[in-house]
Amino acid sequence: MKIIMLGAPGAGKGTQAKMISEKYGLPHVSTGDIFRANIKNGTALGMEAKQYMDKGLLVPDELTVKILLDRVAQDDCKNGYVLDGFPRTIPQAEVLEDALSKLGDKVDYAINVDVPDENIINRMSGRRACVTCGATYHIEYAAPQKEGICDKCGSELILRDDDKPETVKARLSVYHEQTQPLIDFYKSRNVLKEVDGTVSMQEVFDSIVAILG
Ligand code: AP5
Ligand code: MG
């Protein structure tokens with residue numbers, strides 16, 4: 001099963017992708033997580049991606065597409081995957097479609113997690129991420145057991161650089177301009193599913209499970 005998570009920054013794509021990954025045994029592939037791991041390790045790719053991410057802009061398609069195609073060609077992806085944060089532009093979606101069609105394959109579901117802009121800034125300013133394992137928390141809606149410490153690995157939790165309100169506003173406008181058109185793209189492929197992302201994490205997940213079966 002090949003699933004794409006669509007939605008604004010902070011809509012809950014990562015939260016839901018992790019839950020889907022656990023229930024259905026599919027790898028969770030997040031281009032944002034791959035970039036952040038590269039930034040943490042100080043790779044050339046990380047340094048280049050950081051210049052865009054810190055401004056709330058998209059990393060150029062050439063770079064992003066290559067990374068994603070390399071990742072989904074790995075062995076653990078042969079029975080499917082959940083893509084979180086890719087595609088984000090029509091050209092990225094077309095590259096993925098071409099790569100899959102060469103294998104006689106296609107995307108099965110594009111799930112749009114719908115959350116209005118008003119809710120997004122609050123979600124982002126309360127999000128905390130683990131510097132080591134990437135686990136995500138929210139100070140109000142998904143608090144760690146001990147403030148500032150990751151439940152899973154005991155490392156420090158931080159506010160992501162790009163979660164500051166000014167950068168979130170830039171990310172939202174980039175989303176509306178470049179990513180939202182993917183909703184119509186996948187509608188035209190008959191794989192689009194919409195879920196209300198404003199309800200609790202478990203309720204969002206229940207509606208996704210009702211779709212995936
Ligand atoms: P990326 O890491 O993908 O960031 P994003 O799309 O902005 O999405 P987020 O991770 O911020 O939000 P999310 O939807 O995963 O929400 P989450 O589950 O954490 O990308 C970062 C940057 O990398 C981009 O800006 C770009 O520069 C670059 N990049 C990445 N991919 C790229 C690509 N393909 N092309 C070009 N550039 C690319 O939830 C948010 C918060 O809300 C959390 O605290 C969570 O606990 C909480 N929450 C979740 N669900 C609920 C709920 N139902 N109720 C209450 N709280 C909730
Ligand atoms: Mg995410």
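Read the numbers this way: they start at 1 and go in the same order the structure lists the ligands and their atoms.
- For a threshold of 3.5 Å applied to N or O pairs, the pair formed by Thr136 and ligand 1 contains no separation below that value.
- Those atoms of ligand 1 with a heavy atom of Val199 less than 4.0 angstrom away are 52 (C), 53 (N), 54 (N).
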Exercise for review: Just do the salt bridge (Lys or Arg N to Asp or Glu O under 4.0 Å) check on Asp98 and Lys102 with the steps written out, would you?
Suggested key: CA-CA 6 Å; Asp98 286 353; Lys102 282 189 188 122; 5.8 Å; no
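- Taking every heavy atom of Arg171 and a limit of under 4.0 angstrom, the matching atoms of ligand 1 come to 4 (O), 5 (P), 7 (O), 8 (O), 9 (P), 11 (O).
- For Asp84, no nitrogen or oxygen atom sits less than 3.5 Å from a nitrogen or oxygen atom of ligand 1, counting backbone and side chain alike.
- With ligand atoms numbered from 1 in the order given, ligand 1 contributes 8 (O), 9 (P), 11 (O), 12 (O), 13 (P), 14 (O), 16 (O), 40 (C) to contacts under 4.0 Å with heavy atoms of Gly10.
- Residue Pro9 has no nitrogen or oxygen atom sitting less than 3.5 Å from a nitrogen or oxygen atom of ligand 1, judged on distance alone.
- Counting heavy atoms under 4.0 Å from ligand 1, residue Tyr137 touches it through the backbone alone.
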**Study point:** Stepwise side chain to side chain donor-acceptor pair (under 3.5 Å) test for Thr43 and Asn41
**Key:** CA-CA 6 Å; Thr43 68; Asn41 294 327; over 6 Å; no
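- For atom 42 (O) of ligand 1, the nearest protein heavy atom (residue, atom name, distance) is Arg123 CD, 3.2 Å.
- Follow the hydrophobic side-chain contacts under 4.5 Å out from Leu26 and you never reach Val72; the two are in separate clusters.
- Clustering of Ile, Leu, Val, Met, Phe, Trp and Tyr side chains at separations under 4.5 Å places Leu157 together with Tyr137.
- Looking at Gly14 next to ligand 1, an N or O pair under 3.5 Å apart turns up.
- Less than 4.0 angstrom separates some heavy atom of Gln92 from each of these atoms of ligand 1: 33 (C), 34 (N), 35 (N), 36 (C).
- Between the side chains of Asn122 and Tyr141, at least one donor-acceptor pair of N or O atoms lies under 3.5 Å.
- Remark: ligand 1 atoms within the under-4.0 Å shell around heavy atoms of Ser200 are 53 (N).
- For ligand 1, the polar-atom distance check against Val59 finds a nitrogen or oxygen pair separated by under 3.5 Å.
- Remark: Lys2 is positioned above the aromatic ring of Tyr81, its terminal NZ or CZ atom under 6.0 angstrom from the ring centre and at most 45 degrees off the axis.
- Looking only at heavy atoms of the protein, atom 19 (O) of ligand 1 is closest to Arg127 NH1, 2.6 Å.
- For Thr89 and Asp61, the side-chain atoms include at least one donor-acceptor pair closer than 3.5 Å.
- Atoms of ligand 1 lying under 4.0 Å from at least one heavy atom of Thr15, given by number and element, are 17 (P), 18 (O), 39 (O), 45 (C), 49 (C).
- Taking the ring centre of Phe86 as origin, the terminal cationic atom of Arg88 falls outside the region bounded by 6.0 Å and 45° from the ring axis.
- Taking both residues in full, the closest heavy atoms of Ser155 and Thr132 are given as OG-OG1, 2.7 Å, listed atom of the first, atom of the second, then distance.
- Considering each of Gly12, Ala17, Gly85, the one bringing a non-hydrogen atom nearest atom 34 (N) of ligand 1 is Gly85.
- In this structure, Gly56 has no heavy atom closer than 4.0 Å to ligand 1.
- Of all protein heavy atoms, the one lying nearest to atom 5 (P) of ligand 1 is Arg88 NH2, 3.1 Å.
- For the ligand labelled ligand 1, residue Met124 lies inside the 4.0 Å heavy-atom shell.
- At a 4.0 Å cut-off, not a single heavy atom of Gly7 sits close enough to ligand 1 to count as contact.
- Note: no N/O pair closer than 3.5 Å links Asp163 and ligand 1 by distance alone.
- In terms of hydrophobic clustering, with Ile, Leu, Val, Met, Phe, Trp and Tyr side chains grouped at heavy-atom distances under 4.5 Å, Ile211 and Val191 are assigned to different clusters.
- Backbone and side-chain nitrogen or oxygen atoms of Tyr141 are examined, and none is located within less than 3.5 angstrom of a nitrogen or oxygen of ligand 1.
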Check your understanding: So Glu97 and Arg189, side-chain contact (heavy atoms from CB on, under 4.5 Å) or not? Walk me through it.
Key -> CA-CA 10 Å; Glu97 188 170 62; Arg189 268 55 172 180; 2.8 Å; yes
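- Residue contacts with ligand 1: Leu68 is excluded, as none of its non-hydrogen atoms falls under 4.0 Å.
- Ligand-side atoms of ligand 1 in range of Arg36: 2 (O), 21 (C), range being under 4.0 angstrom from any heavy atom.
- Close N/O approach between Lys13 and ligand 1 is found [any backbone or side-chain N/O within under 3.5 Å].
- Residue contacts with ligand 1 for Met5 are absent, since no atom lies close enough (heavy atoms, distance under 4.0 Å).
- In the hydrophobic clustering of this structure, Phe205 groups with Val199; members are Ile, Leu, Val, Met, Phe, Trp, Tyr whose side-chain heavy atoms approach within less than 4.5 Å, directly or through other members.
- In the hydrophobic cluster analysis, where Ile, Leu, Val, Met, Phe, Trp and Tyr join through side-chain heavy atoms closer than 4.5 angstrom, Met5 is grouped together with Val195.
- Tracing side-chain contacts under 4.5 Å through hydrophobic residues (I, L, V, M, F, W, Y), one reaches Tyr109 starting from Val113; they form part of the same cluster.
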Practice item. Evaluate the criterion side chain to side chain donor-acceptor pair (under 3.5 Å) for residue pair Asp33 and His28; output intermediate values, then yes/no. Key: CA-CA 10 Å; Asp33 286 351; His28 169 203; 4.6 Å; no
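- Under a 4.0 Å criterion applied to the non-hydrogen atoms of Leu57, ligand 1 contributes the atoms 26 (C), 27 (O).
- With a 4.0 Å heavy-atom cut-off, ligand 1 is reached by the side chain of Arg160 but not by its N, CA, C or O.
- Checked against a 3.5 angstrom limit, the closest N/O atoms of Gly126 and ligand 1 fall outside it.
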